[in-house]
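The structure under discussion appears below in the form of structure tokens.
Positions are given from 1 along the sequence.
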Amino acid sequence: MRLPTQSRGRRHTRTHPRSHPVSKPKAHNESLALEKEKIFSVRFIVAIVLLVAGIAWIAYYYTGVRPDPTVFPPEDPSGPKAIGDLGMWNYTIGFALILVGLMVAAHPSTPAGRGRGVVIGMLGCFLIGLLWICTFYVFSGEKLNDIWVLNDLGNYNLLVGIGFMAAGFAYATRWE
């Protein structure tokens, strides 16, 4: 069906509006299009290193340096004196490394920053944050003393949970 149109004083005919594609056609097999993108970019490797370093920092402080709070009289921290002197700041350093690693991984040049990785990263961070806060509330009090890392943080557990949710929002901004 041809429709008449007016354009700068000349009369033109054009085809029906639905006869022309609005956007460029997609590839027949989208998995082939994804194979062309690099999986291991420098940014992705940095993100993995930051995540592992943050987890290792917290684990080393908790198991190797932190003084046992159940011993009376209180003992000095074992391990390197510089790490022992930081005290609770060790958790800040560890969780900061983890959260920055998650936010670096949200960049589109990494597998977690494009396609399905965005949804998985976003929902994963939201759920980890929610579970962290719910675990803190359910086990607060005497029961919290038995849970690794949560027992030292006290009310700072809320900040950790909210931090994971904030990292989830870094992924949410990449969702298309």
Side-chain angles (χ1 to χ4, degrees), residues 34-70 74-176:
L34 293 176
E35 288 177 3
K36 294 178 183 177
E37 297 178 18
K38 291 193 309 188
I39 293 178
F40 290 106
S41 64
V42 174
R43 186 179 301 263
F44 185 58
I45 293 170
V46 168
I48 291 173
V49 167
L50 286 170
L51 287 168
V52 170
I55 293 169
W57 188 285
I58 292 171
Y60 178 68
Y61 173 71
Y62 191 85
T63 59
V65 178
R66 175 182 151 273
D68 188 4
T70 61
E75 58 187 24
D76 290 333
S78 59
K81 185 172 175 7
I83 294 177
D85 289 343
L86 289 173
M88 293 296 288
W89 284 101
N90 285 299
Y91 291 114
T92 305
I93 294 167
F95 282 114
L97 288 171
I98 292 170
L99 295 175
V100 168
L102 287 171
M103 290 182 191
V104 167
H107 192 271
S109 68
T110 67
R114 60 181 182 263
R116 293 184 185 148
V118 173
V119 177
I120 293 168
M122 176 182 65
L123 293 178
C125 288
F126 286 155
L127 288 175
I128 290 171
L130 180 66
L131 288 174
W132 195 284
I133 292 172
C134 289
T135 303
F136 169 67
Y137 275 126
V138 168
F139 292 106
S140 63
E142 293 298 319
K143 298 177 199 171
L144 191 63
N145 292 335
D146 298 332
I147 301 177
W148 188 79
V149 175
L150 273 79
N151 58 0
D152 280 352
L153 293 175
N155 287 334
Y156 290 113
N157 284 306
L158 297 174
L159 290 176
V160 172
I162 292 170
F164 277 110
M165 290 181 189
F169 281 110
Y171 284 97
T173 60
R174 306 288 183 197
W175 192 15
E176 295 177 0

What are the two closest non-hydrogen atoms of [X] and [Y], and how far apart are they?
| X | Y | value |
| --- | --- | --- |
| Pro80 | Val65 | CD-CG2, 4.1 Å |
| Gly168 | Met122 | O-CG, 3.6 Å |
| Met103 | Ala170 | CG-CB, 4.0 Å |
| Phe169 | Phe126 | N-CE2, 3.8 Å |
| Ala167 | Leu99 | CB-CD2, 4.3 Å |
| Ile93 | Leu86 | CD1-CD1, 3.8 Å |

Does the [X] side chain pair with the main chain of [Y], one donor and one acceptor, at a distance under 3.5 Å?
| X | Y | value |
| --- | --- | --- |
| Tyr171 | Leu102 | yes |
| Arg174 | Ala106 | yes |
| Ser78 | Gly64 | yes |

The criterion is side chain to side chain donor-acceptor pair (under 3.5 Å); which residues satisfy it with Asn151, sequence neighbours excluded?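 Scan of Asn151 (side chain to side chain donor-acceptor pair (under 3.5 Å), adjacent residues dropped) gives Tyr62.
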
Check side chain to side chain donor-acceptor pair (under 3.5 Å) between Arg66 and all other residues, then give those that pass, not counting sequence neighbours. Asp152

Glu142 vs Asn145, test: side-chain contact (heavy atoms from CB on, under 4.5 Å). Steps then yes/no. CA-CA 6 Å; Glu142 293 298 319; Asn145 292 335; 3.7 Å; yes

[atom1] of [X] to [atom2] of [Y]: how many Å apart, nearest 0.5 Å?
| X | Y | atom1 | atom2 | answer |
| --- | --- | --- | --- | --- |
| Phe136 | Leu158 | CZ | CG | 5.0 Å |
| Ile83 | Tyr60 | CD1 | OH | 5.5 Å |
| Leu150 | Lys143 | CG | NZ | 14.0 Å |
| Thr110 | Ile45 | OG1 | CD1 | 11.5 Å |
| Phe95 | Ile55 | CZ | CD1 | 9.5 Å |
| Tyr91 | Tyr156 | OH | OH | 13.5 Å |

Side-chain touch Ile133/Ile162, heavy atoms, less than 4.5 angstrom: yes

For the pair Ile98 and Trp57, evaluate side-chain contact (heavy atoms from CB on, under 4.5 Å) and give the outcome as yes or no after the intermediate values. CA-CA 10 Å; Ile98 292 170; Trp57 188 285; over 6 Å; no

Determine whether Val149 and Ile58 satisfy the following criterion, side-chain contact (heavy atoms from CB on, under 4.5 Å), listing intermediate values before the conclusion. CA-CA 8 Å; Val149 175; Ile58 292 171; 3.8 Å; yes

More than 12 non-hydrogen atoms from neighbouring residues, nucleotides or ligands closer than 6.0 Å to CZ on Phe139, yes or no?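 Incorrect, the count does not exceed 12.
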
